S.K.: 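Below you will find the structure I want to go over with you.
What you are looking at is a predicted structure, and each value in this text was computed from that prediction instead of being measured.
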Amino acid sequence: MLWAAALLNGPAELVDFVLPLWAGAVLGAGPAAVGALVALELAVSVLLRPAAGVLADVRERRTVAAAGALLYALSCAGYALAPALPVAFAAAVLGGAGGALFWVPVRAAVAERLDEDPGVYPRLVSWEETGSWVAFVAGLSLLPALGERSLFAGCAVACAAAAGVLLSAPRRTSSAPDQERGPAARSLLRRLRPVLLAVAATATAEAAVSVLLLLHLQRGFGLGIVEAALVFLPGAVVMGALPGPLGRLVLRHGRRRVLVGGSLASAAFAASLAVAPSPPVLAVLWVLSAAAYAAVVPVQQAVVAEASGAGTGRGLGLYEAAVLLGGAVGAAAAGVLYQGASWAVGCLVAALVLTAGAVLVPRAVRALGVADRPAVPVPEPEPARPVVAVPDPAPVPGARAPVRPAKTPAQRLRELAQHVALVAVVQVVLVLVDLSWLADRFTGQRRDLDGAAALVHGAGRVWLVVLAVDVVWTLVTVVRARGRDAARSSGARDVL
């Protein structure tokens with residue numbers, strides 16, 4: 001499920017970002033037609049979310065999600081081949097249906113492990129967002145060489161790979177996860193109504209902030225598509241890295257406190273946008289919003305799944321429909337505020353709504369009656385066994401190999417040094433053949449490349465970004481591992 005979520009979320013986010021610009025530039029669609037194209041996919045996805053929830057409760061979730069991934073792959077292929085707007089509208093319908101049939105059963109399947117692992121939703125969000133920023137870096141770097149149609153074709157391949165991952169997974173022992181013993185849709189809607197309204201309100205404000213930021217980057221600072229995406233990139237990396245560590249804050253401080261803190265952080269970000277002087281400052285501020293997202297969204301999904309009981313799919317279908325409706329309202333409101341009022345007014349209105357969410361969302365969670373702190377399963381201690389010296393058994397053909405021990409900090413640092421050395425050698429070669437993106441950044445040179453030269457130039461850029469993330473991730477992992485070792489040593493000294 002995690003691999004499938006990463007493989008599909010990246011193309012989905014990339015298509016949503018590129019589609020409006022492509023429809024206007026390549027298909028000649030006017031603003032009204034572009035808006036209708038985006039709205040159609042969103043409307044189909046919202047309408048099918050509850051039905052997808054029912055299917056997720058009465059059918060094999062892996063199969064339903066794989067069908068959704070295949071529909072999304074067909075949607076991307078439709079965009080790649082579309083000669084005119086009618087085919088693009090048909091692809092939008094497929095994309096909306098595919099998104100509904102994929103995400104609801106994936107989230108419902110993940111909910112099955114909540115009793116064993118309270119951090120399973122943070123891990124899902126981490127994989128989703130990691131897939132997103134990797135797709136953005138790779139796709140937008142190669143876009144000048146490949147073009148939009150090849151980009152859509154690549155997204156179709158990734159979505160088909162997500163379906164293949166799901167279909168190759170082991171089958172469940174029961175083909176109907178929850179059968180039809182879950183609560184009826186109407187009673188479940190009544191139970192979840194407080195949190196759905198609160199989630200829709202905060203999703204409205206968050207979507208408005210995202211659209212306002214994009215509009216301001218394009219119109220206020222004159223940035224192009226790639227430059228605007230680079231402003232969002234640090235936040236996307238943070239969304240992929242922070243859900244796990246922030247999930248441990250939930251275990252320590254409780255869900256309601258994390259929801260309050262996340263909402264207030266989002267409100268502070270929205271208000272600070274009104275006075276941000278430059279795109280680099282906006283990129284730093286967007287990291288704050290991303291951290292709030294990484295903290296809040298897994299909590300929302302977990303409490304809805306718990307409150308839904310046997311109707312997990314139905315509950316999550318209603319939750320996602322509320323998020324999408326809020327996003328649609330927020331996007332529309334952002335355009336009106338930016339055009340009719342001002343950038344600052346739009347930011348302050350969104351900040352006020354997010355501040356109200358700091359009160360509404362925790363109260364709604366309390367009304368559901370779920371535990372504020374998720375229970376952490378405690379493994380039962382194994383009974384003591386006498387130590388008996390026995391010879392090592394002979395290897396059995398076909399037996400499973402023992403689990404490999406985790407890498408030590410020294411091993412991780414050695415691997416990182418090897419990666420850096422390899423990238424350095426490649427960059428030297430690229431400098432010699434005058435195709436180094438890094439050298440162009442230092443010299444301030446801008447060139448219009450095409451064909452294989454543009455592909456190599458863009459690939460070097462992608463590799464550098466991946467290396468930067470590898471460096472940060474390795475250093476964080478090493479610091480955390482050494483901190484755990486120090487804590488164990490201290491505990492051992494206390495015992496002695």
S.K.: Which heavy atom in A111 sits nearest to a heavy atom in A305, and how many Å separate them?
M.R.: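 Minimum heavy-atom separation between A111 and A305: CB-CB, 3.7 Å.
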S.K.: Find the distance between OG (S289) and CG (L285) and round it off to the nearest 0.5 Å.
M.R.: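 Nearest 0.5 Å value for the OG-CG distance: 9.5 Å.
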S.K.: Taking all non-hydrogen atoms of both residues into account, name the closest pair between L288 and A265 and its distance.
M.R.: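 So the two residues come closest at CD2-O, 3.7 Å.
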S.K.: Nearest 0.5 Å please: distance from the CG atom of L242 over to the OH atom of Y293.
M.R.: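 Output value for this atom pair is 13.0 Å.
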S.K.: If we check side chain to side chain contact (heavy atoms under 4.5 Å, CB included) with V299, which of these qualifies: L259, V304, V365, L249?
M.R.: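 The passing option is L259.
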S.K.: Provide the full list of ring-ring contact (aromatic ring centres under 6.0 Å, His included) pairs with a residue in residues 41-78, sequence neighbours left out, each pair given once.
M.R.: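 As it turns out, there is no ring-ring contact (aromatic ring centres under 6.0 Å, His included) pair with a partner in residues 41-78 once direct neighbours are skipped.
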S.K.: Walk me through whether R107 and E128 qualify under salt bridge (Lys or Arg N to Asp or Glu O under 4.0 Å).
M.R.: CA-CA 11 Å; R107 301 198 199 288; E128 289 176 28; 2.7 Å; yes
S.K.: Do the side chains of L48 and L101 get nearer than 4.5 Å, heavy atoms only?
M.R.: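 Of all side-chain heavy-atom pairs linking L48 with L101, none is under 4.5 Å.
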S.K.: Distance check, rounded to the nearest 0.5 Å: S308 atom OG versus L188 atom CG?
M.R.: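 Reported value, rounded in 0.5 Å steps: 4.5 Å.
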S.K.: First locate atom CG of L368, then atom CZ of R363, and finally report the distance between them rounded to the nearest 0.5 Å.
M.R.: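 The CG atom of L368 sits 14.5 Å away from the CZ atom of R363.
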S.K.: Is there a donor-acceptor contact under 3.5 Å linking the side chains of Y319 and Q300?
M.R.: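 Distance-only check passes for Y319 and Q300.
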S.K.: Of all the heavy-atom pairs spanning A97 and V44, show the shortest one and how long it is.
M.R.: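 Closest pair (atom of A97, atom of V44, distance): N-CG1, 3.6 Å.
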S.K.: Do C159 and L70 touch side chain to side chain, with heavy atoms closer than 4.5 Å?
M.R.: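 C159 vs L70: side chains apart.
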S.K.: Any donor and acceptor pair, going by atom type alone, linking the side chain of S126 with main-chain N or O of A241 inside 3.5 Å?
M.R.: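 Side chain of S126 to backbone of A241, a donor-acceptor pair under 3.5 Å: no, none is there.
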S.K.: Would you say L85 and F89 make side-chain contact, with heavy atoms under 4.5 Å?
M.R.: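 Touching, per the 4.5 Å side-chain cut-off.
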S.K.: I'd like to check R256 versus V361 (side-chain heavy atoms, cut-off strictly below 4.5 Å). Are they in contact?
M.R.: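 In short, these two side chains do not touch, never coming nearer than 4.5 Å.
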S.K.: Under a 3.5 Å distance rule, please check whether T204 uses its side chain to pair with a backbone N or O of G330 as donor and acceptor.
M.R.: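 No.
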S.K.: Of all heavy-atom pairs between L264 and A358, which one has the smallest distance, and what is that distance?
M.R.: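 In terms of heavy atoms, the two residues are closest at CD2-CB, 3.8 Å.
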S.K.: Which atom pair, heavy atoms only, marks the closest approach of L354 to A270?
M.R.: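 So the minimum-distance heavy-atom pair works out to CD1-CB, 4.2 Å.
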S.K.: How long is the span from the CG atom in L14 to the SG atom in C76, to the nearest 0.5 Å?
M.R.: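 Atom-to-atom, L14:CG and C76:SG are 9.0 Å apart.
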S.K.: Quick one, L360 and L197 - any side-chain contact, counting heavy atoms below 4.5 Å?
M.R.: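 Side chain of L360 against side chain of L197, heavy atoms only: no contact under 4.5 Å found.
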S.K.: If every non-hydrogen atom of L167 is compared with every non-hydrogen atom of R62, which pair is closest and at what distance?
M.R.: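 Nearest pair, atom of L167 first, then R62: O-NH1, 3.0 Å.
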S.K.: Determine the interplanar angle of the W22 and Y79 rings, folded into 0 to 90°, and report it as parallel if under 30°, tilted if 30 to 60°, perpendicular if over 60°.
M.R.: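 Rings of W22 and Y79: perpendicular, as their planes differ by over 60°.
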S.K.: Under the side chain to side chain contact (heavy atoms under 4.5 Å, CB included) test, which residues partner A77, sequence neighbours left out?
M.R.: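 Testing A77 for side chain to side chain contact (heavy atoms under 4.5 Å, CB included), a comparison that skips the adjacent residues, returns A156.
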S.K.: To the closest 0.5 Å, what do you measure between CG (L316) and CZ (R49)?
M.R.: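 Rounded to the nearest 0.5 Å, the CG-CZ separation comes out at 10.5 Å.
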